[in-house]
A.B. asks: 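The structure under discussion is supplied below as C-alpha cells; questions concerning it will follow.
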Amino acid sequence: MPDSVRILGTGQLLTLAARLRAAGGPRLRQNIARRVRRAAEPLQRDLQQAISTQPMRSEGRTARGGRVPHGGPSPTTRPLRATLANGVRISVRMGAQPGARVWMDKSRLPPDLRNMPWVINEGRIRHPVFGNRRRWATQYARPFGWWDRTVQRGLPRMRAEVERIRDDVRRDLE
C-alpha cells in the first residue's frame, strides 16, 4: 500500500506555477489551491468511508463444555475505524512540486495503531487478545485492499478535475 496518493502534473503544472508566480497573483494561487483541495476532498471522504465500513471478522471461539462462548465488549473506549478515518488527510502544494496529496497521517493515530491502516489493507489482522501476549487472535478484513481499491476508483475523477482546473487557469492567463 502506498503511503499517499499524489497528483503531480509534472511539466504542465510546473509551467503553470511559474506563470502564476510571474503574474504575481497570490489571490489566483489561493484560488487554485482551494480548487485543487476541493478536487481531492471526494477521495478523502471515500477513503474515510471505506475504512469506516470495512468489515472485519474473526474465527471466533467455540464454547467449551456446552457453555456460552466467551467474549464481551471491547476494553477500550476508542473506536478503531473512526480513529483510522480521522487520520486520512489532504495537502496541497503550489510551490516547486505543485499538486495534491491524500495520505494517512500517522501522527494523528495513537502509537499502537500507527501501522493498522496498512495491516487492514493487507487483509489479515493478528493481535493479542485483550493485551494478553500469550493468546493471539486473527481477524480478516474482507474484501482486503480498502486503500488500494478506493484510490483506484477515485484517482481518475481527481485527475480529471485537476486537469480541468489547470485548463481553466491556463485560459485565464492567456
Side-chain angles (χ1 to χ4, degrees), residues 1-21 25-57 74-127 139-170:
M1 176 174 123
D3 290 344
S4 64
V5 179
R6 295 178 187 203
I7 298 294
L8 302 171
T10 57
Q12 295 170 343
L13 274 178
L14 285 171
T15 305
L16 189 60
R19 288 176 67 188
L20 284 173
R21 280 192 295 278
R27 174 179 261 165
L28 186 57
R29 256 190 311 223
Q30 290 171 348
N31 183 26
I32 293 169
R34 185 178 65 246
R35 288 179 67 189
V36 170
R37 176 174 287 281
R38 283 189 186 153
E41 285 173 353
L43 180 59
Q44 180 192 28
R45 279 193 304 272
D46 291 349
L47 285 166
Q48 289 172 333
Q49 180 70 22
I51 192 60
S52 296
T53 59
Q54 175 66 50
M56 288 183 249
R57 65 171 183 79
S74 172
T76 66
T77 57
R78 174 184 67 209
L80 173 68
R81 291 176 184 94
T83 303
L84 296 178
N86 191 38
V88 179
R89 304 280 309 268
I90 298 174
S91 62
V92 176
R93 291 190 180 141
M94 294 305 296
Q97 286 193 332
R101 178 178 172 214
V102 180
W103 54 293
M104 179 61 75
D105 186 1
K106 286 183 173 185
S107 69
R108 295 188 86 181
L109 301 177
D112 60 332
L113 295 179
R114 296 265 160 92
N115 289 327
M116 190 57 70
W118 294 271
V119 171
I120 292 174
N121 192 56
E122 294 300 317
R124 182 172 176 257
I125 305 129
R126 196 149 156 75
H127 60 90
Q139 289 182 282
Y140 298 96
R142 298 286 189 254
F144 64 90
W146 70 274
W147 179 274
D148 299 335
R149 284 182 294 108
T150 307
V151 166
Q152 270 185 331
R153 282 194 313 264
L155 207 53
R157 176 181 59 199
M158 188 173 158
R159 271 200 180 111
E161 182 64 22
V162 169
E163 286 173 10
R164 190 172 68 79
I165 293 166
R166 183 198 63 215
D167 294 341
D168 289 350
V169 173
R170 185 180 289 153

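It should be emphasised that the depicted structure is a prediction, and the values quoted were computed from it without experimental measurement.
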A.B. asks: Decide yes or no for Ser91 and Trp103: does some side-chain heavy atom of the first lie under 4.5 Å from some side-chain heavy atom of the second?
C.D. replies: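 They are in side-chain contact.
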A.B. asks: Return the minimal non-hydrogen interatomic distance between Arg149 and Pro143, and the atom names on each side.
C.D. replies: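 Where Arg149 meets Pro143 most closely, the heavy atoms are NH2-O, 3.2 Å.
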A.B. asks: So, taking the atom named CD1 in Ile125 and the one named CG in Leu80, what distance separates them when rounded to the nearest 0.5 Å?
C.D. replies: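 Between atom CD1 of Ile125 and atom CG of Leu80 there are 7.5 Å.
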A.B. asks: Determine whether a donor-acceptor pair (N or O, by modelled atom type, separation under 3.5 Å) exists between the side chain of Trp146 and the backbone of Pro117.
C.D. replies: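 Answer holds: yes.
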A.B. asks: Please enumerate all residues that pass side chain to side chain contact (heavy atoms under 4.5 Å, CB included) together with Arg57, with sequence neighbours excluded.
C.D. replies: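 Tyr140.
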A.B. asks: For residues Gln54 and Arg81, report the shortest heavy-atom separation together with the two atoms involved.
C.D. replies: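 In this case the closest contact between Gln54 and Arg81 is O-NE, 2.9 Å.
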A.B. asks: Nearest 0.5 Å, what's the CZ-CD1 distance between Arg37 and Ile32?
C.D. replies: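 Going from the CZ atom of Arg37 to the CD1 atom of Ile32 covers 15.0 Å.
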A.B. asks: Which heavy atom of Ser107 sits nearest a heavy atom of Asp105, and at what distance?
C.D. replies: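 Residues Ser107 and Asp105, closest heavy atoms: OG-OD1, 2.7 Å.
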A.B. asks: Show every donor-acceptor pair shorter than 3.5 Å between a side-chain atom in residues 39-52 and any protein atom, with sequence neighbours excluded, or say none if there are none.
C.D. replies:
| residue | atom | partner | partner atom | Å |
| --- | --- | --- | --- | --- |
| Gln44 | NE2 | Val88 | O | 2.9 |
| Asp46 | OD2 | Arg157 | NH2 | 2.9 |
| Gln48 | NE2 | Ala85 | O | 3.2 |
| Ser52 | OG | Gln48 | O | 2.7 |

A.B. asks: Of all the heavy-atom pairs spanning Met104 and Leu84, show the shortest one and how long it is.
C.D. replies: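 Of all heavy-atom pairs spanning Met104 and Leu84, the closest is CE-O, 3.6 Å.
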A.B. asks: State whether the number of non-hydrogen atoms from other residues, nucleotides or ligands found under 6.0 Å of Arg108 atom CZ is greater than 12.
C.D. replies: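 Count over threshold, so yes.
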A.B. asks: With side chain to side chain contact (heavy atoms under 4.5 Å, CB included) as the test, would you mind laying out the steps for Thr83 and Met116 before giving the verdict?
C.D. replies: CA-CA 10 Å; Thr83 303; Met116 190 57 70; over 6 Å; no
A.B. asks: Answer yes or no: is there a side-chain heavy-atom contact under 4.5 Å between Arg142 and Phe144?
C.D. replies: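 The answer is yes; the side chains approach within 4.5 Å.
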A.B. asks: Please find the pair of heavy atoms, one from Ile120 and one from Met56, that lie closest to each other, and give the distance.
C.D. replies: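 Residues Ile120 and Met56, closest heavy atoms: CD1-CE, 3.9 Å.
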A.B. asks: Looking at side-chain heavy atoms only, is the closest gap between Arg35 and Arg164 below 4.5 Å?
C.D. replies: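 Yes, their side chains come closer than 4.5 Å.
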